[in-house]
Amino acid sequence: MKRFLMARFLTATLLTLGAQAHAANLTVFAASSLTDAFTEIGRDFDRRTGNRTTFQFAGSQTLRAQLENGAQADVYASASDAQFTPLVGKLLTVRQVFARNTLTVIVPRGSAVKSLADLTRPGLRIVIASPAVPVGAYTRQMLGAVDRAGTYGRDYAARFLKNVVSEEPNVRQVALKVSLGEADAAVVYSSDLTPSLKGRVQAVALPSRFNQLAAYPVGVTASARSGPQARAFVAYLLSADGQRTLRKWGFRSAR
């Protein structure tokens, strides 16, 4: 309880400092899967603090490469440690996990695909993310877990991958292919089943023993032009209101 109260006090203090400091223009680099949640969080944060927050959404690997090549940002929020941790101590000052996520398989509404076993049917068109994209890496980890279990026969991963017709640079592009009818199935994050997407797709059950838990780290960049406001933004993500918005958009708690 003492630790919880201390965390709430620290969060409130940082938000107050962010509000008291002169209003700033913040640039936040964030993984594509955070688009809806961060857009709402940004509006709420700016309304409270007077800041003006601009987001750049893309695959975490793309944003990392941009930072390494000198792109200016105040905050970086990634969908995986693989694209975040190598920057800590160089381009990022700290690492804090602010949300978690899981995978889901989506298919067009009314599809005959009902289970993981159906995904290896010859001729099925599957879209996934490329291996460098966090959700693409998690997808391959999930396939490895299925193979090890042997539940769906030998070489499940190989048969699944044989049906892959496209590997996309971010998870939103993966989901879009199914919603437009250009794919029969895809692996995305649970948070990608947004209200607008649910009208066009449905989820296929993914047993928890095969699923993957993705941790989302965030940090202030070493070159942040508005350090106090950037730290206040991170604090807001970890606050009760920020966490409530993230849960609203399908993310799991950071704790």
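If you read the sequence from its start, that first residue is 1, and numbering goes on from there.
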Fill in: Thr54 versus Thr27, side-chain donor and acceptor atoms under 3.5 Å
no

Discussion item. Between Leu193 and Val201, is there a side-chain heavy-atom distance shorter than 4.5 Å?
Written reply: yes

Fill in: Connected via hydrophobic side-chain network under 4.5 Å: Leu143 and Val113
yes

Worksheet item: Does Arg121 use its side chain to pair, donor to acceptor, with the backbone of Ala117 at less than 3.5 Å?
Response: no

Practice prompt. Please examine the side chains of Lys177 and Val174, heavy atoms only from C-beta on, and report whether any two atoms are closer than 4.5 Å.
Written response: no

Fill in: Parallel, tilted or perpendicular: ring planes of Phe45 versus Phe233, cut at 30 and 60 degrees
perpendicular

Discussion item. Are the side chains of Ser191 and Trp249 in contact, using a 4.5 Å heavy-atom criterion?
Written reply: no

Worksheet item: Between Arg172 and Asp192, does a salt bridge (charged side-chain N to carboxylate O under 4.0 Å, His left out) hold up when you go through it step by step?
Response: CA-CA 8 Å; Arg172 287 305 170 96; Asp192 289 303; 3.0 Å; yes

Practice prompt. Take Leu91 and Glu68, measure what side-chain contact (heavy atoms from CB on, under 4.5 Å) needs, and give me the verdict at the end.
Written response: CA-CA 8 Å; Leu91 300 177; Glu68 290 176 324; 4.1 Å; yes

Item to complete: For the pair Thr93 (side chain) and Gly89 (backbone), establish whether a donor and an acceptor sit closer than 3.5 Å, ignoring hydrogens and angles.
Response: no

Give the table of side-chain donor-acceptor pairs shorter than 3.5 Å for residues 205-214, with sequence neighbours excluded, one pair per line with atom names and distance.
{"unit_1": "Asn211", "atom_1": "OD1", "unit_2": "Leu103", "atom_2": "N", "d": "2.9"}
{"unit_1": "Asn211", "atom_1": "ND2", "unit_2": "Leu103", "atom_2": "O", "d": "3.0"}
{"unit_1": "Gln212", "atom_1": "NE2", "unit_2": "Phe210", "atom_2": "O", "d": "3.1"}

Worksheet entry | Geometric class of the Phe38/Phe55 ring pair [parallel <30°, tilted 30-60°, perpendicular >60°] | tilted

Worksheet item: Does Tyr236 reach the side chain of Asp241, with side-chain heavy atoms less than 4.5 Å apart?
Response: yes

Worksheet entry | Heavy atoms of other groups near Arg252 CZ, more than 12 under 6.0 Å | no

Worksheet item: Salt bridge between Asp46 and Arg52, side-chain N to carboxylate O under 4.0 Å?
Response: no

Worksheet entry | Atom pair NZ (Lys198) and CZ (Arg109), whose distance is rounded to the nearest 0.5 Å | 9.5 Å

Practice prompt. Evaluate side-chain hydrogen bond (donor to acceptor under 3.5 Å, both in side chains) for Thr102 paired with Ser190, printing each intermediate quantity in order.
Written response: CA-CA 6 Å; Thr102 55; Ser190 299; 2.7 Å; yes

Discussion item. Within this structure, what is the OG1-CZ distance for the pair Thr62 and Arg64, rounded to the nearest 0.5 Å?
Written reply: 11.5 Å

Worksheet entry | side-chain hydrogen bond (donor to acceptor under 3.5 Å, both in side chains) evaluation trace for Gln243 with Thr245 | CA-CA 5 Å; Gln243 291 291 298; Thr245 301; over 6 Å; no

Discussion item. Just checking Phe29 against Tyr76, ring centres under 6.0 Å apart?
Written reply: no

Fill in: All pairs passing side-chain hydrogen bond (donor to acceptor under 3.5 Å, both in side chains) where residues 127-155 contributes a residue, at least two apart
Arg140-Glu167

Fill in: Side chain proximity check, Arg225 to Asp74, heavy atoms < 4.5 angstrom
yes

Discussion item. Could you check whether Glu182 pairs with Arg125 (Lys NZ or Arg NE/NH1/NH2 to Asp/Glu carboxylate O, under 4.0 Å)?
Written reply: no

Worksheet item: Can you tell me if NZ on Lys162 sees more than 12 non-hydrogen neighbours from other groups inside 6.0 Å?
Response: no

